[in-house]
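The structure appears right after this line, and notes come after that.
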Amino acid sequence: MHVSPDSLVYWQHGFLQINATILFTWIVIVIVTFGSWLITRRLSSGESIPRWQNFLEIIVSAIRQQLKEITRKEPDRFMPFVGTLFLFVAISNTLSLIPGFQPPTGSLSTTAALAIAVFIAVPIYSVSEIGLVNYFRNYLQPSFFMLPFNIIGEFSRTLALAVRLFGNVMSGTMIVAILLMLAPVFVPILIQLLGLLTGLVQAYIFAILAAVYIGAGMQIQKKTK
């Protein structure tokens, strides 16, 4: 039983290696890329649109409205980024139901990379919205003495994003593996279905937290007296 897909190496030559994390990450990327192209290749802008496109637009509109309510900002700018995060995490966790598939989100290196992407995206979207001076001024609120604590807060929430997702996915994978050895086949199936629901919830939470952090960075905080 592998604690992390990083430890499962398929090919190695010198210091170069392809482990389960790299392999299955690329598989998820291909699925997301090809699936997005397949869904959007025949979009219609006319008065009559297919039912599947109408259903897709309803989902996108609902997600857009929810992001707008959460961040209090127009989400069109950062919605593709947040949506991609959700799709990657959700598909990675869903495919874990397939025997032999090692979810890349069960690796701390993957979740750390996703959290770092959010860490980089926050100042990019924030500066484009409120400007460089106002963004860095937020670190001095409510007073100059809060600067080190605000900086520590930025790094700590990035660490929390990575560890939260990694811990939930890894623990779910290990529980299923243990039950496969100790319990009848039907019990792990029920646990896997519960794990699927948990995986989708974790994808939702990760995407929402990313949107919250971006939206918070795009706000101009007023100095309190």
Side-chain angles (χ1 to χ4, degrees), residues 2-9 17-37 59-60 63-64 66-67 70-71 73 75-98 101-129 135 151-174 195-218:
H2 299 276
V3 175
S4 170
D6 291 338
S7 61
L8 185 58
V9 179
Q17 69 175 15
I18 297 179
N19 55 28
T21 300
I22 297 175
L23 176 63
F24 291 107
T25 295
W26 279 103
I27 290 177
V28 174
I29 291 175
V30 170
I31 292 175
V32 172
T33 303
F34 178 74
S36 300
W37 172 80
I59 295 178
V60 172
I63 295 175
R64 183 183 182 278
Q66 185 171 16
L67 290 178
I70 292 173
T71 62
K73 294 288 182 180
D76 295 338
R77 186 177 302 174
F78 56 85
M79 184 174 173
F81 173 72
V82 175
T84 302
L85 287 176
F86 173 79
L87 286 176
F88 180 83
V89 177
I91 292 177
S92 296
N93 294 344
T94 301
L95 292 180
S96 63
L97 294 178
I98 300 177
F101 185 89
Q102 300 290 329
T105 46
S107 166
L108 186 58
S109 58
T110 300
T111 58
L114 295 175
I116 291 173
V118 176
F119 178 80
I120 296 174
V122 169
I124 291 177
Y125 287 113
S126 300
V127 170
S128 65
E129 175 74 13
Y135 174 72
I151 294 176
I152 293 174
E154 290 286 337
F155 286 100
S156 62
R157 73 184 186 186
T158 301
L159 178 62
L161 269 179
V163 174
R164 179 189 293 109
L165 181 59
F166 164 72
N168 281 282
V169 175
M170 183 193 68
S171 61
T173 302
M174 292 184 63
L196 172 61
L197 177 61
T198 304
L200 294 177
V201 170
Q202 290 302 318
Y204 173 80
I205 293 175
F206 191 94
I208 289 299
L209 286 177
V212 168
Y213 296 156
I214 292 173
M218 295 168 68

Next item on the list: Start with the C-alpha distance between Arg157 and Val122, add both sets of side-chain angles, then the distance that settles side chain to side chain contact (heavy atoms under 4.5 Å, CB included), and finish with yes or no.
Entry: CA-CA 12 Å; Arg157 73 184 186 186; Val122 169; 3.7 Å; yes

Notebook entry, point to check: In Å and rounded to the nearest 0.5 Å, what is the CD to CZ distance from Glu129 to Arg77?
Noted result: 5.0 Å

Notebook entry, point to check: Minimum heavy-atom separation for Phe166 to Gly106, with atom names?
Noted result: CE1-O, 3.1 Å

Next item on the list: Given side chain to side chain contact (heavy atoms under 4.5 Å, CB included), test Phe88 with Thr25 step by step and report yes or no.
Entry: CA-CA 9 Å; Phe88 180 83; Thr25 295; 4.0 Å; yes

Checklist line | For the student: nearest non-hydrogen atoms of Gln102 and Pro5, plus distance | finding: CB-CB, 4.0 Å

Check: Side chains of Lys73 and Ile214: does their closest heavy-atom pair fall under 4.5 Å?
Finding: no

Next item on the list: Taking all non-hydrogen atoms of both residues into account, name the closest pair between Val32 and Ser36 and its distance.
Entry: O-OG, 2.7 Å

Margin query: Is the shortest side-chain heavy-atom distance between Asn93 and Thr105 below 4.5 Å?
Written below: yes

Note to self: Donor-acceptor pair, distance only, cut-off 3.5 Å: does the side chain of Ser156 make one with the backbone of Gly153?
What the structure shows: yes

Next item on the list: Taking the six-membered ring for Trp and the single ring otherwise, decide whether the centroids of Phe155 and Phe119 are under 6.0 Å apart.
Entry: yes

Notebook entry, point to check: Under 3.5 Å, is there a donor-acceptor pair between the side chain of Thr111 and the main chain of Leu108?
Noted result: yes

Next item on the list: Write down the atom of Tyr135, the atom of Ser126, and the distance for their closest heavy-atom approach.
Entry: CD1-CB, 3.4 Å

Checklist line | Atom of Ser107, atom of Thr21 and distance for their closest heavy-atom approach | finding: CB-OG1, 3.4 Å

Notebook entry, point to check: Phe206 and Val118: side chain to side chain contact (heavy atoms under 4.5 Å, CB included), yes or no, with the steps?
Noted result: CA-CA 10 Å; Phe206 191 94; Val118 176; 4.2 Å; yes

Item checked: Contact summary for Leu85 and Ala210, nearest pair of heavy atoms -> CD1-CB, 3.9 Å

Checklist line | Euclidean distance, Phe24 CZ relative to Ile18 CD1, rounded to 0.5 Å | finding: 12.0 Å

Note to self: For a 4.5 angstrom cut-off between non-hydrogen side-chain atoms, does Thr71 reach Met218?
What the structure shows: no

Next item on the list: Quick one: pull up OG in Ser92 and CG in Leu87 and give me the separation to the nearest 0.5 Å.
Entry: 10.0 Å

Checklist line | Rounded distance [0.5 Å steps], CD in Glu154 versus CG in Leu159 | finding: 13.5 Å

Note to self: What's the separation between atom CG in Leu165 and atom CD1 in Ile205, rounded to the nearest 0.5 Å?
What the structure shows: 9.5 Å

Checklist line | Parallel, tilted or perpendicular: rings of Phe78 and Tyr125 (30°, 60°) | finding: perpendicular

Next item on the list: Find out whether Phe86 and Ile63 are in side-chain contact, i.e. whether some heavy atom of one side chain is under 4.5 Å from a heavy atom of the other.
Entry: no

Item checked: Step-by-step side chain to side chain contact (heavy atoms under 4.5 Å, CB included) determination, Asn19 to Leu8 -> CA-CA 5 Å; Asn19 55 28; Leu8 185 58; 5.8 Å; no

Item checked: Atom pair CD1 (Ile22) and CG (Asp6), whose distance is rounded to the nearest 0.5 Å -> 8.0 Å

